[in-house]
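Read the structure below first, then the notes.
The structure presented is a predicted model; accordingly, all values stated were derived computationally and were not measured. Letters A, B, ... mirror the listed sequences (proteins, then strands); counts begin at 1.
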There are 2 protein chains.
Amino acid sequence: MTDADEIDRRLITLLREDGRRTYSDMAGIVGLSVAAVKRRVNRLQEIGVITGFTVQVDHTKLGWGVEAFTELRYAGTTRVADIVASASLLPEVHAVYTIAGDPDALVQVRVRDVAHLQQVIDQLRAAGSIAGTKTLLVLGAWTRS
Amino acid sequence: MTDADEIDRRLITLLREDGRRTYSDMAGIVGLSVAAVKRRVNRLQEIGVITGFTVQVDHTKLGWGVEAFTELRYAGTTRVADIVASASLLPEVHAVYTIAGDPDALVQVRVRDVAHLQQVIDQLRAAGSIAGTKTLLVLGAWTRS
DNA sequence: AGTGAAAAAGCCATGTC
DNA sequence: GACATGGCTTTTTCACT
C-alpha cells in the first residue's frame, strides 16, 4: 500500500477514463492548480502507482478476431519463472497468470482464427513439461472503462 | 478486419508503448510528416481501431493486492446478457468473459484480501442462477507491454 | 504541498505544391 | 502525402508562500 490520498485516486480515475486529459482539465475538476496536479501525477509515476500510458485497441478490427484463455497444468518440477518466460515469448500471448492450485497457469491469447489457436496451443504444450491444457474460447468480453 | 496498413500498425505499437508520445516523435520514427501521422491516428480512432487512451495502474500499490479469476456455471436458462450485466455492477469486477462450453463465464476480479474475495464470490453467486463456481487465485501476472 | 506566471514545446487548421 | 506559417493550448519550470 502506498500513501495515495483521495485526490490522487480521483486523478487516477480521471486518467483511466482518458489518459490524454490535460492537466488544466483535471485541475479544474479536483480544485487544484495545474502545477499541483502535474506534480501529483509525476509523483504517482515515480512511486510506481501509474506504470505507463497506453492506448486501448479493438483487436477484432485488426483481424485478431479470436480470444481464448488456456489453462496449463505442469509436471511437478516445472518452475514458475520458466512457465512465464516461455509462454510470454509467443506474440499471440497477451497475459500469463500463475495460479495457486489447479490449474498452474492461465494464459490469455489473441489469434486470427481457430486454426491459429490450435497452433498456439501446440506451441504452449511444446514449451515446457505440460501435463495438460484446457482452453476456454471467449464468445464475448466486457472490460471496465 | 479493417484496412490498416503497416504504418498504421507501427503507430499503434508505438502508442501502446507510450500513449503520450508526441506526433512529431512518431513522425520521425515512421518517416512521415507530423500532419500525416495525426491524420492516421485520428482515422484509427474514428474507425474504432483505437478505442481510447488510458493509464496502466499498479493496483497492488493502491491496496488491492489480491487478483483472481472466477469461473461461473449457470443454470440452463440464464441469458448471457444478464450474466454480464449483473457481474459488471460489482466494482471489484475488472472483466467478464463469456465462454463457449464449460464454464459459461470467466470473471476477473481485484480485491483487497481473501476475506474480500469471499464476499465478492458470494455476491457473484447471489447475482444469478449460478450452478457452481471455481476460483483461480492469481499468484503472479505477466502482461504484454 | 500549493500558487501564479512566463518560457518552451506541442497541437492543429490552412494554404500550396 | 509533404512542407510552411501562424495562432492557440498545454507542458514545464521557477520563484514564492
Side-chain angles (χ1 to χ4, degrees), chain A residues 1-64 91 112 143-145, chain B residues 1-65 91 110 112 143-145:
Chain A
M1 172 95 89
T2 320
D3 43 320
D5 65 11
E6 182 54 33
I7 291 181
D8 287 333
R9 274 186 230 106
R10 285 173 66 192
L11 293 175
I12 290 169
T13 301
L14 289 171
L15 284 173
R16 279 172 56 103
E17 290 168 3
D18 180 3
R20 273 184 162 183
R21 227 181 262 272
T22 66
Y23 292 123
S24 68
D25 180 22
M26 293 188 283
I29 294 172
V30 304
L32 288 181
S33 69
V34 171
V37 170
K38 176 175 166 45
R39 278 215 301 163
R40 278 173 178 265
V41 173
N42 285 349
R43 178 172 164 279
L44 288 170
Q45 286 186 264
E46 280 162 16
I47 65 180
V49 172
I50 292 175
T51 58
F53 292 80
T54 189
V55 281
Q56 294 160 320
V57 175
D58 183 345
H59 298 275
T60 309
K61 297 218 167 135
L62 287 174
W64 296 70
R112 284 185 294 274
T143 307
R144 183 168 301 282
S145 131
Chain B
M1 171 93 89
T2 320
D3 42 320
D5 65 11
E6 181 54 33
I7 291 181
D8 287 333
R9 274 186 230 105
R10 286 175 64 192
L11 292 175
I12 290 169
T13 302
L14 289 170
L15 284 173
R16 279 172 56 104
E17 290 167 2
D18 179 4
R20 274 183 161 184
R21 228 181 260 271
T22 66
Y23 292 122
S24 66
D25 180 21
M26 294 188 283
I29 294 173
V30 303
L32 289 181
S33 70
V34 173
V37 169
K38 177 180 162 41
R39 259 188 290 127
R40 279 173 179 265
V41 173
N42 286 153
R43 179 172 162 278
L44 288 171
Q45 286 186 262
E46 281 162 16
I47 65 180
V49 172
I50 292 176
T51 58
F53 292 80
T54 189
V55 280
Q56 294 160 320
V57 175
D58 183 344
H59 299 274
T60 309
K61 297 217 166 137
L62 287 173
W64 296 70
R110 208 141 9 213
R112 285 185 292 276
T143 307
R144 183 168 301 282
S145 133

Mind calculating the distance between [atom1] ([X]) and [atom2] ([N]) to the nearest angstrom?
| X | N | atom1 | atom2 | answer |
| --- | --- | --- | --- | --- |
| A:M26 | D:dT12 | CE | C1' | 14 Å |
| A:I7 | C:dT3 | CD1 | C1' | 14 Å |
| B:N42 | C:dA13 | CG | C1' | 12 Å |
| B:D18 | C:dG10 | CG | C1' | 14 Å |
| A:D25 | D:dT11 | CG | C1' | 14 Å |
| A:Q45 | D:dT11 | CD | P | 12 Å |
| B:R20 | D:dT10 | CZ | C1' | 11 Å |

- Task: Can you see which heavy atom on B:A27 is nearest to which on B:V37, and at what distance?
- Result: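 Closest approach of B:A27 to B:V37, heavy atoms only: CA-CG2, 3.6 Å.
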
- Query: Quick check: does any side chain N or O of B:S24 sit under 3.5 Å from a backbone N or O of B:V34, one acting as donor and the other as acceptor?
  - Reply: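 Absent.
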
- Item | Side-chain donor or acceptor of A:R21 paired with backbone N/O of A:L14 under 3.5 Å |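 Checked: pair present.
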
Looking only at the side chain of [X] (C-beta and beyond, no hydrogens), which of the listed nucleotides [options] gets closest?
| X | options | result |
| --- | --- | --- |
| A:K38 | C:dT3, D:dT12, D:dA2 | D:dT12 |
| A:T22 | D:dT13, D:dT11, D:dA2 | D:dT11 |
| B:R39 | D:dG1, C:dG10, D:dT10 | D:dG1 |
| A:L32 | C:dA1, C:dT3, D:dT11 | C:dT3 |
| B:A36 | C:dT3, D:dT10, D:dA2 | D:dA2 |
| A:Y23 | C:dT3, D:dT12, D:dA2 | D:dT12 |

- Do B:E6 and B:R9 meet the salt-bridge criterion of a basic N to acidic O distance under 4.0 Å?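 Yes, this pair counts.
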
- Task: Please examine the side chains of A:D5 and A:D8, heavy atoms only from C-beta on, and report whether any two atoms are closer than 4.5 Å.
- Result: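 They are in side-chain contact.
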
- Query: Is the shortest side-chain N/O distance from B:R40 to OP1 or OP2 of D:dG1 below 4.0 Å?
  - Reply: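 True: B:R40 side-chain N/O within range (under 4.0 Å) of D:dG1 OP1/OP2.
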
